[in-house]
Structures are given as C-alpha cells and as structure tokens.
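Reckoned from all heavy atoms, side chains included, excluding hydrogens, waters and symmetry mates. The sequence lines fix the lettering, A, B, ..., with proteins before strands; numbering per chain opens at 1.
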Protein chains: 2
Amino acid sequence: MSWSGPGDSGSGRRGYHHGNLREALIDAALELIAAKGPAGFTVAEAARLAGVSPAAPYRHFRDAEALLVEVAVRGYDLFAERLANAWNGGRPQPVRAFEDLGRAYLAFARDQPAYYAAMFDSHLAMESHPGLQAAGDRAFAVLREAADQVAATLPKGRRPPSLMMALHIWSMAHGIAALFVREGPGRRKLPMAAEELLEAGVLLYLQSLGLAGGE
Amino acid sequence: MSWSGPGDSGSGRRGYHHGNLREALIDAALELIAAKGPAGFTVAEAARLAGVSPAAPYRHFRDAEALLVEVAVRGYDLFAERLANAWNGGRPQPVRAFEDLGRAYLAFARDQPAYYAAMFDSHLAMESHPGLQAAGDRAFAVLREAADQVAATLPKGRRPPSLMMALHIWSMAHGIAALFVREGPGRRKLPMAAEELLEAGVLLYLQSLGLAGGE
DNA sequence: CAACTCATGTGAATGGTTTTTACATGGATA
DNA sequence: TATCCATGTAAAAACCATTCACATGAGTTG
C-alpha cells in the first residue's frame, strides 16, 4: 500500500529511480529501530534496505536526525489517534473512558516500540523541530481534553485543575511505560501487569479527587 | 583530585603510562554526556580528553558499552545515596520525608544529567549486566523501604501494599523527570515547577490511601 | 515527437568511529 | 639488576555520515 510508482514494494527496485524512496526510508527506519533499538538505525543501512546508494537518502532528508524527526511526527500522530479512539469522547462514562485511555497509552508503547523509541528515546530537541512540537501537542491535547471532561463531572467547588490532572496521569503512564513496559535500563519484573499497575494508580489518584467509581 | 599517579589532572600526561586512565575515562565520559547528550559520547573522544590513543581505553573496558555501564553503576550508587539522605530514615515524619524523597529524585535528574542519562537513556540491558541490575536494585530498595514505613503508619486493615506504592511513586517521579525536567522529546513548558507537580501528585496519591497530612 | 530541465540517484572522496593486532615501554617485583 | 606483564602505541580493517560532481530519465514544452 501507499506506493505510487511502478509497484514492487520491498525487494528489487525498478529502474534508476526508486519511485517512493522517502516512504521506503521511513519504513526501513522503523524496521531497524524495532529490530535493533533506537541506536541501531543508520542512514546507510536504511538506504541498503531500500535498495539505493548511501547518498540517496540525502535527497529527501537533510540528515539522519531529519529522518528520525519524520518518524517521530508520524508516531505522535498515530499515538494521538489511538488515544482518541480509546477515550471515545468520554463514553460510556468519563472515568471509565479515562482508564481506557491509560491502557491505550501502554498498549502503544508495547505494540509500537519503534515509533515510541523515535518519539521518546531519540533525544530530539522539540524546539528545533516545530512540526514535532506540534505533533506532540496534538497527542497531549487528547489527554488534556479527557482530563477536562473528567474534572467536569464534579461540582465547580471541588473541581481539580484539569491541566494538573493530565500532567499527573501522563507522567505516571510515561513512567510505567519507560520503566516496566519497554526494554531498557530500568526494566524489572513486576508482580502484576503494567496495565494493572497503571489502572490502580489512576483509580487511586482519581479517588483522592473525589472522582473514582470504585471504592 | 582522585589522581594517584604523578599529578597533572587534565592537560598533558606525564610519561608513557597514564597512571589513572580508568578513572580519567569515566570522568571524560561524564563530561561528554553532560556537554553533548548521551549520544555525544565516543570512546575516541574520551581517549582524546584523557590524552591517550584511541586504543588505550580497551585495556580497561571491553567496549564502549562497558564504559557506559560503569558510569551508570556509579550513577545508581550516587542516586541511592542521595535518596537515602533525603529519606533520612523517615524522620522527622514518614509522610514528610517521603516528599523529600520525591524532591531528591528530581534534584538528581536536574543536577546530574550525565549520570541520569547513562542510567536511563542509554538503553543498556539490565539482564546482560548483573552489576548494573544490582546497583539499580539498591536504589529502588530505598524507595521501597520508605514506602514500607509510610504504609506502616496505617493500621493493618487499611494498609496498602508498599510495593505498589513504591512503584506508583517511582513511575510518577520518573515520568516527570523524563518529560519535564530533562532535555528531550517530551519536554514542554509547565505552569509550575516540576517539584511542585510531583509533590502535589504524591500528596494526592497518599490522600487516597488515607495517609496524607494535608487535608 | 524532440529537446530540455530538474528532481532524483550514483560513485567516489573526506574524515570520523569502533575494535583488533602486533609491538613498545617502563613500573613493580624477584 | 634482570625480567615480566600491565598498560600504552601505531596501524589497519570495517563501518558510518556527509558532500560533491556527475548521470539518468520522467515530465514538460515547443
């Protein structure tokens, strides 16, 4: 899918021109990151996977970092989409949908390690890449919006600041993903599934705000 | 400081032998990571900083990763020490000391970015480095112990599992450090200090367990 | 249809990196 | 003092990023 040129997706290229090198390089980068970690990606090997010379990628990306940025942007977009689907406008109930959001967060980290690594492990400077900043903001906006609706179930007097809520939940979800879901330095065995840990944490947190359904 | 050989810390070496290359390489690695991020460290440049040939480091470390591991181990040890100091045996009061622990977590991420990067951003596999695993466990044990004592202030019936508490707090602290304290992809402006965000989160969490001192 | 242009790809070169190898040095020890 | 071996060097092979001059051919234009 997504090929416009003269067919043939993976194996041998058609003629002198590739036809869709940009996309092929992004796919190759994802494949390499998934297989060998965020440091396992090199422009040269991505070019090799796409069947072109090591210089060809530079017609499409200024440098290796630019390719990574493009991967991360797409990752944030997919992430935002998954989160929005899980939240589903807060239905059937805001608190329940909020938990679904948390599960979707961890599911993304688990199912899309390549995207997740490009987004959070590549040490790209948001400031120098406005598109990346914007994509990240779009993803966070989903969480923010959800927190807002959850907070709105309380009467105005006891309503917590939804930004703070969103930041707390995001932090806990991100921390659990970094420490217990993904490969890496902090990873250690848990006596429970990461999803259960997050769900319990979210429930307790919401309880302290007078929000939780469970007791 | 920390030189045993014939003096002269940074500039030009004495004779053919360095005298303390192992330590000098670790210092150089920290300096490079601090200056140019976790990816900015190379064996060759560390050797250059120490004033030796690019091959010399391999007399002391099997490869680049082994050097990183040594840095990370020292980082975990320093981390554990800082956390233990902040906890201070739970004095004057467990809940209050627990908050100090959280502050110390973020302070470490802020003050020791090089160690923190080696520990959490280098994607070292804990499994393949038992010493690293052990060092990480020692640091986590401080948090675990603290959670245990905090939980013990409650009567047995309403006492939460301290492991879960420790994991929740660790995750939130780590998430806040990763997203808002350190340079990196997720970093964005906060309407409050990261320390305040964590303190509020911890307080709310403890409240839900019936623990908090605030109201 | 022929000529041209320009985006896209190539080859080769520069300069960096990791890591291994054979060899050199000299501090510690017998 | 003679020797040994931990520690250093130089050189080399194998990678990588990036750039530059040049090649190709798809799409446009006359």
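Across the protein-nucleic acid pair, A:His17 atom NE2 and C:dG9 atom P stand 6 Å apart, rounded to whole Å. Counting to the nearest Å, the P atom of C:dT18 and the CG atom of B:Leu68 are 11 Å from each other. At whole-Å resolution of the value, NE2 in B:His18 and P in C:dA24 are 23 Å apart. What separates CD of B:Glu45 from C1' of C:dT18 is a distance of 14 Å, to the nearest Å. The separation between B:Arg62 atom CZ and D:dT7 atom P is 17 Å, rounded to whole Å. Between A:Leu67 atom CG and D:dA17 atom P the separation is 11 Å, expressed in whole Å. Separating the CG atom of B:Asn20 from the C1' atom of C:dG27 is a distance of 15 Å, rounded to the nearest angstrom. Spacing between atom CZ of B:Phe41 and atom P of C:dG16 amounts to 18 Å, rounded to whole angstrom units.
Taking only distance into account, the side chain of A:Tyr58 never meets the base of D:dA17 through a donor-acceptor pair shorter than 3.5 Å.
Closest to the B:Tyr16 side chain, of the nucleotides D:dA23, C:dG26, C:dT17, is C:dG26. For B:Arg59, whose side chain is taken as the heavy atoms from C-beta onward, the closest listed nucleotide among C:dT19, C:dC23, C:dG9 is C:dC23. With C:dT10, D:dT7, D:dA10 as the choices, the nucleotide that has an atom nearest any side-chain atom of B:Ala55 turns out to be D:dA10. The side chain of B:Leu21 sits closest to D:dG8 out of D:dG8, C:dA12, C:dG9. With D:dC16, C:dT20, C:dT19 as the candidates, the nucleotide lying closest to the side chain of A:Thr42 is D:dC16.
Salt-bridge annotation for B:Glu23 and B:Arg74: present, with a side-chain N of the basic residue lying under 4.0 Å from a carboxylate O of the acidic one.
Across all their heavy atoms, B:Leu198 and B:Gly102 have their closest contact at CD2-O, 3.4 Å. Here the shortest heavy-atom pairing between B:Pro54 and B:Ala47 reads CA-CB, 4.0 Å.
A:His174 places no side-chain N or O within 3.5 Å of a backbone atom of B:Ile176 that could act as its donor or acceptor partner.
When each of A:Glu199, A:Glu196, A:Glu195 is paired with A:Arg103, the salt bridge (Lys or Arg N to Asp or Glu O under 4.0 Å) condition holds for A:Glu199 and for no other.
Nearer the 5' end of DNA chain C, as judged by each residue's closest nucleotide, is the contact made by A:Ala56, out of A:Ala56 and B:Ala64. The residue among A:Glu65 and B:Ser53 whose nearest nucleotide of DNA chain D lies closer to the 5′ end is B:Ser53.
Among the protein residues, B:Arg48 comes within range of the sugar-phosphate backbone only, with heavy atoms under 4.0 Å from sugar or phosphate atoms but none that close to a base. Nucleic acid contact for B:Ala44: sugar-phosphate only, since backbone atoms but no base atoms lie under 4.0 Å from a heavy atom of the residue.
Regarding contacts with the backbone of C:dA7, every side-chain N or O of A:His60 stays at 4.0 angstrom or more from both OP1 and OP2.
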